[in-house]
Amino acid sequence: MVADRHLPFVGRDCLVAFKAGLYSLPVRRVRPRQLVEVRAGVDTPSLRLLAADTSGSTLLAVRPRAKIRGSWVVDETHWDGLPDGHTRAVTTTAPEPAAPQTAAADSGTPSDWLARTPTAQVTVSRRTLAVYESLTSVTPIVPPAAKNPVGSKVTA
């Protein structure tokens, strides 16, 4: 039997993209961004590990080929073990909308606006470049004296 061989990456949701379809893999046997091998026959692609795992098997799944572009071929049991949110805080309500800006808040000069901005309240020290030169013990680069262009006269 002739089969095409492909090496796609596993997604974070344990899906592999092949020929514009998505195929599920068992979450307990693969990890995201892992390369797997797809051996595609006429009717069924078989999904395999590149090297045998602890069970000694490389076969992950044999699924029917997706008939429609973009369809998912999923075995729900493959997703047992993916995080479902029960062990961490989950947001179940929509966030409160931000208060609309009024024209009064936008009015004024730029200095008035900066006075209301918390970032503008940060004190910044001013130093000369000599301070940084002494800290790094680097002597300043002085460009060489400019040469006179050909044919020009120098007046003293």
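Of all non-hydrogen atoms in C14 and V27, the two that sit nearest each other are SG-CG2, 3.4 Å. Looking at every heavy atom in both residues, R65 comes nearest to G41 through NH2-O, 2.6 Å. Here the closest heavy-atom approach between residue P8 and residue V16 is recorded as CG-CG1, 3.1 Å. Taking each heavy atom of L7 and L35 in turn, the nearest pair found is O-CD2, 3.3 Å. Scanning both residues, I68 and S71, for their nearest heavy atoms gives O-OG, 2.7 Å. Taking all atoms of both residues into account, the shortest heavy-atom contact from L49 to Q34 is CD2-NE2, 3.4 Å.
Atoms CG and CZ, on L25 and R63 in that order, are 10.0 Å from each other to the nearest 0.5 Å. The structure places NZ of K67 at 6.0 Å from CG of D43, a figure rounded to the nearest 0.5 Å. Interatomic distance, R39 CZ to L59 CG, rounded to the nearest 0.5 Å: 9.0 Å. Atom-to-atom distance recorded for K19:NZ and R69:CZ is 10.5 Å, nearest 0.5 angstrom.
Within the 3.5 Å criterion, the main-chain N or O of D75 finds a donor-acceptor partner in the side chain of S24. Y23 contributes a side-chain N or O that, together with a main-chain N or O of A66, makes up a donor-acceptor pair within less than 3.5 Å.
Considering only heavy atoms from C-beta on, L15 comes within 4.5 Å of V74 through its side chain.
The environment of L129 atom CG is sparse: at most 12 non-hydrogen atoms of other residues, nucleotides or ligands sit within 6.0 angstrom.
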